[in-house]
Amino acid sequence: MKNKEIAEIFNRIADILELREANRFRISAYRRAAQNLENYPLDVAEASAAGSLHEIPGIGKDLGAKIEEYLESGEIEYLNELLDETPDVLLDMLRVQGIGPKTALLLYNELDIENLADLKKAALEHRVQGLPKIKAKTEENILKGIEFLERSAGRIPIGTAFPLAEEIIDSLSKLPYVDKISAAGSLRRFKETVGDIDILVTSKKPVDVIRHFTALPAVTRILADGKTKGSVITSTDIQVDLRVVAKEAYGAALNYFTGSKEHNIRLREIAQQKKMKLSEYGLFKKIRGGKERRVAGKSEEEVYEKLGLPYIAPELREDAGEIEAARDGSLPSLVTINDIKGDLHFHSDWSDGTASLEEVAEAGRKAGYKYLIISDHTKSLTIANGLSEERLVKQMKEIDRINARMKGFKLLKGSEVDILPDGSLDLDKRVLKKLDLIIIAVHSRFKMKKNDMTRRVVKALQHPFPKILAHPTGRLIGAREAYEIDMDAVINAAADSGSAIEINAHPLRLDLDAATARKAAAAHVPISIGTDTHTPATEMKYMLYGIATARRGWLEPKHVINTHSAAKLLSRLSGKKGTK
DNA sequence: GCCGTTTTCGGCCCGACTGTTTTCAGTCG
């Protein structure tokens with residue numbers, strides 16, 4: 001899908017237009033279009049072919065033409081022209097926190113710099129201070145900004161940010177003068193990576209809360225400590241912002257700081273149409289004498305209600321159709337963690353897991369699950385101690401013994417069968433037939449050509465067993481690109497063969513991603529959520545991220561097979577041979 | 001550059017904090 005690539009180009013154009021001090025509404029038009037493209041659930045190439053580009057919000061005549069230009073030629077001439085006239089270092093400087101377009105231009109014009117290293121050197125030699133409106137403090141901040149960028153190099157995976165946020169919230173909520181507290185921002189929306197952590201509290205002693213916050217042991221640097229906002233960098237180089245808000249504005253503030261920005265803009269527009277004003281302080285109605293009266297703000301529910309909308313879950317707030325769905329009453333009833341009856345991707349110490357079958361069963365029962373699948377690797381994956389046919393048969397007998405002792409809980413017999421480069425499966429069919437269910441996955445030869453990889457996976461989906469395709473793109477967030485594969489063809493093959501596709505809940509995988517999961521579910525492909533746990537104590541809780549991804553993909557319980565009983569989920573995976 | 005049961009032209013979301021200032025610009029979210 002080219003959606004993301006084009007979104008990046010539009011953002012880049014917006015950056016350059018900012019440096020040129022272009023019309024700010026033109027700049028935000030590019031940014032809005034980029035955001036909408038990134039969240040658009042369908043392939044922009046398909047939309048273009050169907051002549052429906054203009055249905056993507058924020059895409060008009062001009063940007064539509066630029067998208068088509070990119071789809072045809074792989075380039076956008078306008079960006080090339082802009083880039084030719086823009087020194088790289090100006091764009092690099094925009095990524096430094098505290099440097100915006102004005103400062104970047106000033107530094108570029110006044111200092112002889114070609115890259116961030118030059119700027120760092122200039123700051124170290126104190127050649128930055130002394131420029132108009134720049135003194136020692138600003139120079140120091142620029143230096144710290146560059147160093148932070150060097151260290152953090154991008155965004156933080158949700159699996160890193162979420163536990164840290166939980167820890168901070170836990171510490172703050174123990175303070176007697178902290179009333180309400182919640183994470184906000186992209187973390188609350190469960191984006192797969194976040195730029196920072198936002199936390200919101202209400203308190204009668206804001207200064208004390210912020211003092212406690214900036215003194216937390218994990219804090220290594222304080223960026224701000226005002227009366228309503230504290231901002232710090234932790235020892236893991238993650239920025240955390242804390243905001244203290246008034247009780248009567250908590251809902252409005254939570255809504256505002258949860259975003260997304262695009263969702264908020266839509267809400268403000270709705271407020272305006274109703275002759276009201278929405279800000280982080282509340283929803284206000286204008287009354288006589290130019291004054292205004294607060295009509296909502298205490299809770300998010302209240303804000304949505306007064307705007308004439310049902311409550312919209314944070315995971316949906318991307319302006320990806322949720323406002324329209326809310327208006328016409330078609331919001332999905334999203335799947336929740338309480339709907340989940342079992343985990344559908346799990347390893348034991350028979351391959352590369354750390355827990356014995358008994359321990360896995362006990363962990364599953366304790367988690368309140370009805371079932372849990374044992375899906376150890378197969379023989380090709382020697383590095384993971386993959387199981388041969390003989391060992392798998394032995395393992396099945398062992399599982400039978402354990403199941404005989406369990407009440408109200410069952411281990412399902414499965415295997416994470418390697419999809420070999422030619423699309424065949426890494427175990428004899430006579431043994432596969434004895435399993436309840438198989439999980440199929442690619443673990444080797446990631447760099448195949450797109451057509452070959454697609455053919456490989458599609459062929460594997462056509463084998464006549466009940467099955468789940470695991471981590472279908474192989475991506476590792478921040479570490480490994482997805483392999484080249486035609487996911488539309490894969491989704492079709494899964495639908496034809498009655499197979500499920502997994503949302504792998506490991507926070508560095510989240511594969512399927514939310515947009516593709518939404519697409520697969522729309523094509524009537526059952527979705528499975530599996531944690532890929534190798535160590536129960538630390539990884540079973542990844543289910544949380546899988547559920548969040550499903551919710552971001554608009555999935556309801558009916559779309560997710562592990563909301564079913566074991567019997568129903570097995571009957572739903574037909575195991576018929578694919579037709580294509 | 002987009003968009004329209006208020007508009008095809010004239011709008012386009014709103015406010016806090018910082019660092020430099022003496023009333024505010026720049027940045028950020």
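Each chain gets a letter, A, B and so on, in the order its sequence line appears, and its residues count up from 1. The model shown is predicted, which means the values in this text are computed figures rather than measured ones.
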**Student:** For A:Lys61 and B:dC2, what is the distance between atoms NZ and C1' respectively, to the nearest whole Å?
**Tutor:** 13 Å

**Student:** Roughly how far apart, to the nearest Å, are B:dC14 and B:dT8 at atom P?
**Tutor:** 22 Å

**Student:** Can you tell me how far P of B:dC12 sits from CG of A:Leu17, to the nearest Å?
**Tutor:** 21 Å

**Student:** Pair A:Leu107, A:Ile99 - check side chain to side chain contact (heavy atoms under 4.5 Å, CB included), show working.
**Tutor:** CA-CA 10 Å; A:Leu107 295 172; A:Ile99 300 184; 3.9 Å; yes

**Student:** Any carboxylate oxygen within less than 4.0 angstrom of a Lys/Arg side-chain nitrogen, looking at A:Glu192 and A:Arg475?
**Tutor:** yes

**Student:** Any ion pair linking A:Arg20 and A:Glu85 (charged N to carboxylate O, less than 4.0 Å)?
**Tutor:**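 Result for this pair is yes, salt bridge flagged.
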
**Student:** For DNA chain B, what residues of residues 73-94 of chain A have any heavy atom nearer than 4.0 Å?
**Tutor:**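 Residues of residues 73-94 of chain A under 4.0 Å from DNA chain B: none.
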
**Student:** Which value, in whole Å, describes the distance between the P atoms of nucleotides B:dT5 and B:dG1?
**Tutor:** 23 Å

**Student:** Please measure how far the P atom in B:dC13 lies from the corresponding atom in B:dG4, and state the result in whole Å.
**Tutor:**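 About 14 Å, rounded to a whole number of Å.
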
**Student:** Let's see if you can work this out: which of B:dG1, B:dC13, B:dT6 has an atom nearest to the side-chain heavy atoms of A:Lys261?
**Tutor:**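 Looking only at side-chain atoms, A:Lys261 lies closest to B:dC13.
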
**Student:** So which one's nearest nucleotide on DNA chain B is more toward 5', A:Arg268 or A:Asp198?
**Tutor:** A:Arg268

**Student:** B:dT6 and B:dC12: how far apart are their C1' atoms, nearest whole angstrom?
**Tutor:**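 Comparing C1' positions in B:dT6 and B:dC12 gives a spacing of 15 Å.
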
**Student:** I need the CZ-C1' distance between A:Phe25 and B:dG4, as an integer number of Å.
**Tutor:** 17 Å

**Student:** Checking all strands, does A:Gln273 fall into the base, sugar-phosphate, or nothing category for heavy-atom contacts under 4.0 angstrom?
**Tutor:** nothing

**Student:** When we call it a touch if two heavy atoms are under 4.0 Å apart, what does A:Val245 touch: a base, just sugar-phosphate, or nothing?
**Tutor:**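 Result for A:Val245 = nothing.
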
**Student:** Taking the chi torsion of B:dT7, is it syn (within 90° of 0) or anti (everything else)?
**Tutor:** syn

**Student:** Rounded to the Å, how far apart are A:Ile210 CD1 and B:dA16 P?
**Tutor:** 14 Å

**Student:** Would the base of B:dG29 count as contacting A:Tyr256 through its side chain, where contact means a donor and an acceptor less than 3.5 Å apart?
**Tutor:** yes

**Student:** Quote, to the nearest angstrom, the C1' distance that separates B:dT22 from B:dG15.
**Tutor:**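 Here B:dT22 and B:dG15 have their C1' atoms 22 Å from each other.
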
**Student:** Evaluate whether atom CG of A:Asp112 has more than 12 neighbouring non-hydrogen atoms of other residues, nucleotides or ligands under 6.0 angstrom away.
**Tutor:**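 For A:Asp112, atom CG is not crowded (no more than 12 foreign heavy atoms under 6.0 Å).
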
**Student:** Strictly by Watson-Crick or wobble contacts shorter than 3.5 Å, is anything paired with B:dG11, and which nucleotide is it?
**Tutor:** B:dC2

**Student:** Starting at atom CZ of A:Arg31, determine the distance to atom P of B:dT27, rounded to an integer number of angstrom.
**Tutor:**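 Checked: the CZ to P distance equals 13 Å.
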
**Student:** Go along nucleotides 17-26 of chain B 5' to 3' and tag each nucleotide: B for a protein heavy atom under 4.0 Å from its base, S when only backbone or sugar atoms are that close, - otherwise.
**Tutor:** SSSSS---SS

**Student:** Please determine if A:Asp208 and A:Arg211 form a salt bridge, counting it only when a charged side-chain N lies under 4.0 Å from a carboxylate O.
**Tutor:**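 Yes, charged N to carboxylate O under 4.0 Å.
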
**Student:** Using OP1 and OP2 only, check whether a side-chain N or O of A:Arg26 sits under 4.0 Å from B:dG1.
**Tutor:**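 True: A:Arg26 side-chain N/O within range (under 4.0 Å) of B:dG1 OP1/OP2.
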
**Student:** Could you measure between the two P atoms, the one in B:dT20 and the one in B:dC28, and give it in whole Å?
**Tutor:**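 It works out to 15 Å between them.
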
**Student:** Tell me whether A:Arg127 at atom CZ has more than 12 heavy atoms from other residues, nucleotides or ligands lying less than 6.0 Å away.
**Tutor:** yes

**Student:** Under 4.0 Å between a side-chain nitrogen and a carboxylate oxygen: does that hold for A:Arg294 and A:Glu302?
**Tutor:**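 The answer is no: the pair does not qualify as a salt bridge.
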
**Student:** Between A:Lys274 (NZ) and B:dT5 (C1'), how many Å, whole number?
**Tutor:** 13 Å

**Student:** Going by an N to O cut-off under 4.0 Å, is there a salt bridge joining A:Glu318 and A:Arg552?
**Tutor:**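 Salt bridge: yes.
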
**Student:** Figure out the CG/C1' separation between A:Leu107 and B:dT27, and round it to whole Å.
**Tutor:**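 For the pair A:Leu107 CG and B:dT27 C1', the rounded distance is 14 Å.
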
**Student:** Check the angle between the aromatic planes of A:Tyr30 and A:Tyr78 and answer parallel, tilted or perpendicular using the 30° and 60° thresholds.
**Tutor:** parallel

**Student:** Could you say whether A:Ile265 or A:Arg32 is positioned toward the 5' end of DNA chain B, judged by the nucleotide with the nearest heavy atom to each?
**Tutor:** A:Arg32

**Student:** Give one of base, sugar-phosphate or nothing for A:Ile99, where a contact means two heavy atoms less than 4.0 Å apart.
**Tutor:**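 The answer is sugar-phosphate, as A:Ile99 gets under 4.0 Å only of primed atoms, P, OP1 or OP2.
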
**Student:** Would you say CD of A:Glu114 has more than 12 non-hydrogen atoms from neighbouring residues, nucleotides or ligands within 6.0 angstrom?
**Tutor:** no

**Student:** So that I can tick it off, tell me whether A:Glu300 and A:Arg188 are bridged by a salt bridge, with the cut-off set at under 4.0 angstrom between side-chain N and carboxylate O.
**Tutor:**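 Yes.
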
**Student:** Round to a whole Å and report the spacing from CD of A:Glu269 to C1' of B:dC2.
**Tutor:**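 Computing the A:Glu269:CD to B:dC2:C1' distance gives 11 Å.
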
